[in-house]
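Structure first, then comments.
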2 protein chains.
Amino acid sequence: MADNVRPLRRNEIRQHNETLILQAAEKVFAEAGFGGATMQLIADLAGLPKANLHYYFASKEDLYRQVVQNIFDIWLHAAESMDQASGPIEGIGAYIDAKMEISRRHADGSKVWASEVMHGAPVIQDYLETTLRDWTTGRVGLIQRWIDEGKMAPVNPEHLLYMLWATTQHYADFGHQIETLNGAPMTDSDWQAAKHSVKSMILRGIGAIE
Amino acid sequence: MADNVRPLRRNEIRQHNETLILQAAEKVFAEAGFGGATMQLIADLAGLPKANLHYYFASKEDLYRQVVQNIFDIWLHAAESMDQASGPIEGIGAYIDAKMEISRRHADGSKVWASEVMHGAPVIQDYLETTLRDWTTGRVGLIQRWIDEGKMAPVNPEHLLYMLWATTQHYADFGHQIETLNGAPMTDSDWQAAKHSVKSMILRGIGAIE
DNA sequence: CTTCAAGCTGACCATAGGGTCAGGAAAAGA
DNA sequence: TCTTTTCCTGACCCTATGGTCAGCTTGAAG
């Protein structure tokens, strides 16, 4: 009854342990920052000996890099919600929903990303300059189109994006502050209220019509 | 001509060196995080031997604590702009201006603060629970009054505050990302434009009237 | 059943980094 | 000028931490 001794297959083992380590790493990096995180801490949280981490990941930096990339992928993925929309209410509304959901479900990842960028993006600078820049250019074009079509007020698209990122990620990155002020962890309905507030203020703020 | 050999007075010395160290510390903590920062790095930046830091500050944590408190004070100070206003356009407009100015002038401090909160506020938890909570309660009341007086739409005051913090601090904390996307450091007029965008979107978003 | 490669890990190493301290230099005061 | 107090710092200590490695275990293939 105790040990779940299902003997893992070879390829399962690798997959399984790498996931285990990445999850533990994400949490530890989020809580302590890159500098404050230790391989030992990550190993303990993953329930593996430290040497095993180095079997799967060449170095602390290598492990960190993968954690950051995972978030970045999730992050970009949320964009799709915005693209297939006919107008700002639908598109930006969906994007806010998606990003708020990420803040809720991947708070640790969000913090790691924030930390990384705050420290000058030492490991993902190239992504910022390529993938993210392209992504941004595309979205700026989309928003501009909506403006040209009279579907929203003529706001600056870049600053609108920054506002979307800032407000939604704030609930993850500054979640501790919010919970302290709130006096308790955010409940389901707190999240609903937050989503609603953010959406209504922003959509009204950009004069979204339709 | 070279050495500025004005012999400092006793009380000047302490003041001078502590400031020197605090400034260096703020920068290093901002760039590397608490865990990544080293006393040696701070000492080098301040142009002092490491042992001297420990003459003025008992420990790395002690030094860090003072850096965080400095920011917190500046941060709270910006609130005054909001209080002596008769309505949201003036009050929130001024608050955004003040906080944007802080993001610009004290970007390092802002990052240290963000880092501290993201990591669960290990050293300033008590401030969050007392000073910040009181401050927030006061401002929530103020906003509610404006709502009751019909000066703005009935938004959730807490979430409005979060939005204000998030959007303004984003320009400091994620300044690197913005500059990368922008292709260059933000100029004077970039900051003007940012301020204007933030203000117009938010003020419209809360239906500020008067 | 043997062989091989993948998975695993306790023990070890080297260095970095926070912190200490004894003793020297330099203001301030008497 | 002598004494006291503050300021200063090179050299040192010790722990923590990233990383290595030799040798073991275990699944898979034939």
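Quick note: numbers below take in every heavy atom, side chains included, and nothing from hydrogens, waters or symmetry partners. Protein chains get the first letters and strands the later ones, always in sequence-line order, with residue 1 at the start of each.
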Under 4.0 Å, heavy atoms only, any strand: does B:Ala43 hit a base, just the sugar-phosphate, or nothing? nothing
Across the strands shown, which category fits A:Phe57 at heavy-atom distances under 4.0 angstrom: base, sugar-phosphate, nothing? nothing
Report the distance from atom [atom1] of [X] to atom [atom2] of [N], rounded to the nearest whole Å.
| X | N | atom1 | atom2 | value |
| --- | --- | --- | --- | --- |
| B:Asn52 | D:dT6 | CG | P | 16 Å |
| A:Ile42 | D:dG19 | CD1 | P | 11 Å |
| A:His16 | D:dG27 | NE2 | C1' | 16 Å |
| A:Ile21 | C:dT9 | CD1 | C1' | 13 Å |
| B:Leu20 | D:dC7 | CG | P | 15 Å |
| B:Leu48 | D:dG10 | CG | P | 11 Å |
| A:His54 | C:dA6 | NE2 | P | 20 Å |
| B:Gln40 | D:dT9 | CD | P | 13 Å |

Among [options], which nucleotide sits nearest the side chain of [X]?
| X | options | answer |
| --- | --- | --- |
| B:Tyr56 | D:dG10, D:dC7, C:dG18 | D:dC7 |
| A:Thr38 | C:dG18, D:dT17, C:dC8 | D:dT17 |
| B:Pro49 | D:dG10, C:dG18, D:dG19 | D:dG10 |

Rounded to the nearest 0.5 Å, how far apart are [atom1] of [X] and [atom2] of [Y]?
| X | Y | atom1 | atom2 | value |
| --- | --- | --- | --- | --- |
| A:Ile42 | A:Leu45 | CD1 | CG | 8.5 Å |
| A:Ile206 | A:Leu164 | CD1 | CG | 7.5 Å |
| B:Tyr171 | B:Trp191 | OH | CH2 | 8.5 Å |

Pick the nucleotide of DNA chain D nearest each of A:Phe34 and B:Leu53; which residue has the one closer to the 5' end? B:Leu53
What residue among B:Tyr127, B:Phe72, B:Trp165 forms ring pair (Phe, Tyr, Trp, His ring centres under 6.0 Å) with B:Trp113? B:Phe72
Counting only heavy atoms not in B:Lys27, do more than 12 fall under 6.0 Å of its NZ? no
For A:Ala51 and A:Tyr55, find the nucleotide of DNA chain C closest to each by heavy atoms; which residue's nucleotide sits nearer the 5' end? A:Tyr55
Quick one: is B:Arg14 getting a side-chain N or O under 4.0 Å of the D:dT6 phosphate, OP1 or OP2? no
At under 4.0 Å, does any side-chain N or O of B:Asn17 touch on OP1 or OP2 of D:dC8? yes
Under-3.5 Å donor-acceptor pair between A:Lys50 side chain and D:dG18 base: yes
